[in-house]
Chemist: 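One structure coming up, written as structure tokens, with questions to follow.
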Amino acid sequence: MINQEAVDLAKKIVELDLKRDETWENLAALAGDKAHELLRRVQNS
């Protein structure tokens, strides 16, 4: 049986994934075709 803590963590991951998608859309709207490049630069800094 899966305990409640595991279920809560799974829900949190889903929420984070949805937030990530929303944030990516905002970045893409602001940075356009440079969004991927900008994200990689920030990740690597």
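Bear in mind that the values here come from a model prediction, so they are computed numbers and not experimental data. What's counted below: heavy atoms across the whole structure, side chains too, no hydrogens, waters or symmetry copies.
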Chemist: Sequence neighbours left out, what passes side chain to side chain contact (heavy atoms under 4.5 Å, CB included) with I13? Give chain and number order.
Modeler: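 Result, side chain to side chain contact (heavy atoms under 4.5 Å, CB included) vs I13: none returned.
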
Chemist: Just jot down the salt bridge (charged side-chain N to carboxylate O under 4.0 Å, His left out) partners of E5, sequence neighbours excluded, or say none.
Modeler: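 Per chain and number, E5 pairs via salt bridge (charged side-chain N to carboxylate O under 4.0 Å, His left out) with no residue.
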
Chemist: Looking only at non-hydrogen atoms, find the nearest pair between L38 and A31 and report the distance.
Modeler: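 Smallest interatomic distance, heavy atoms only, reads CD2-CB, 4.3 Å.
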
Chemist: Please check if the number of heavy atoms outside I2 that lie under 6.0 Å from its CD1 is greater than 12.
Modeler: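 Check fails, neighbour count at 12 or below.
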
Chemist: Of all the heavy-atom pairs spanning A28 and A35, show the shortest one and how long it is.
Modeler: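 So the minimum-distance heavy-atom pair works out to CA-CB, 3.9 Å.
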
Chemist: So, are K11 and E15 salt-bridged, with charged N and O less than 4.0 Å apart?
Modeler: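 A salt bridge is absent here (no side-chain N lies under 4.0 Å from a carboxylate O).
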
Chemist: Working to the nearest 0.5 Å, report the span between CG of L16 and CG of D21.
Modeler: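 Reported value, rounded in 0.5 Å steps: 11.0 Å.
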
Chemist: For the atom pair CG (L27) and NE2 (H36), what is the distance rounded to the nearest 0.5 Å?
Modeler: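 Atom-to-atom, L27:CG and H36:NE2 are 9.0 Å apart.
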
Chemist: Quick one: salt bridge (charged side-chain N to carboxylate O under 4.0 Å, His left out) partners of R20, sequence neighbours excluded?
Modeler: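 For R20, no residue satisfies salt bridge (charged side-chain N to carboxylate O under 4.0 Å, His left out) once neighbours in sequence are set aside.
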
